[in-house]
Amino acid sequence: MVTGHRPLLCRGCAGNLYAVCTVDHSGGKAGGNAVGQWEVDHEMPVPCPLSGLLPLTGTAASVHDLPGAEEVLGPPV
């Protein structure tokens with residue numbers, strides 16, 4: 001889970017999102033910006049106009065760096 005940050009909100013429905021990141025440290029460099037495998041989705045199943053974009057998955061240093069994150073993360077516009 002992403003900790004120490006404001007809750008992630010869905011732009012489509014304003015629902016809470018969870019974010020899970022796994023990082024493989026075997027054979028990787030210590031320190032620096034570790035790149036992880038992310039999964040982001042609604043905490044609870046809800047009707048959402050962006051449901052076709054979720055779960056959002058991919059590899060990035062930050063959840064906000066995921067491809068498509070700008071379309072999904074943040075308050076509704």
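Only a predicted model underlies this, so the values are computations on that prediction, with no experimental measurement involved.
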Pick from L53, V20, L73: which one makes a side-chain contact (heavy atoms from CB on, under 4.5 Å) with V40?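 Single pass found, and it is L73.
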
A14: which residues meet the side chain to side chain contact (heavy atoms under 4.5 Å, CB included) condition with it, sequence neighbours left out?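 Scan of A14 (side chain to side chain contact (heavy atoms under 4.5 Å, CB included), adjacent residues dropped) gives P76.
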
List in chain and number order the residues that pass side chain to side chain contact (heavy atoms under 4.5 Å, CB included) with E70, two or more places apart in sequence or in another chain; answer none if no residue qualifies.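 By the side chain to side chain contact (heavy atoms under 4.5 Å, CB included) rule, E70 matches no residue at all.
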
Report the C-alpha distance between C21 and V63 in whole Å, list the side-chain angles of each, state the deciding distance to 0.1 Å, and finish with yes or no for side chain to side chain contact (heavy atoms under 4.5 Å, CB included). CA-CA 8 Å; C21 179; V63 68; over 6 Å; no

Side chain to side chain, P47 and C13, heavy atoms closer than 4.5 Å: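 A side-chain contact under 4.5 Å is absent here.
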
From [X] [atom1] over to [Y] [atom2], what is the distance, rounded to the nearest 0.5 angstrom?
X   : Y   : atom1 : atom2 : answer
W38 : H64 : CH2   : NE2   : 8.5 Å
E39 : Y18 : CD    : OH    : 3.5 Å
L17 : L56 : CG    : CG    : 9.0 Å

Using side-chain hydrogen bond (donor to acceptor under 3.5 Å, both in side chains) as the criterion, point out the one residue from T57, T22, T59 that pairs with Q37.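 It is T59, the one option of T57, T22, T59 that forms the side-chain hydrogen bond (donor to acceptor under 3.5 Å, both in side chains) with Q37.
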
For the hydrophobic clusters of this structure (ILVMFWY residues joined by side-chain heavy atoms under 4.5 Å, transitively), does one cluster hold both L8 and L54?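 Same cluster: L8 reaches L54 through Ile, Leu, Val, Met, Phe, Trp or Tyr contacts under 4.5 Å.
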
Evaluate the criterion side chain to side chain contact (heavy atoms under 4.5 Å, CB included) for residue pair R11 and L50; output intermediate values, then yes/no. CA-CA 8 Å; R11 283 192 186 271; L50 299 180; 4.0 Å; yes

Can you name the nearest heavy-atom pair linking N16 to P7, along with the distance?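 Smallest heavy-atom distance, with atoms named: OD1-CB, 4.4 Å.
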
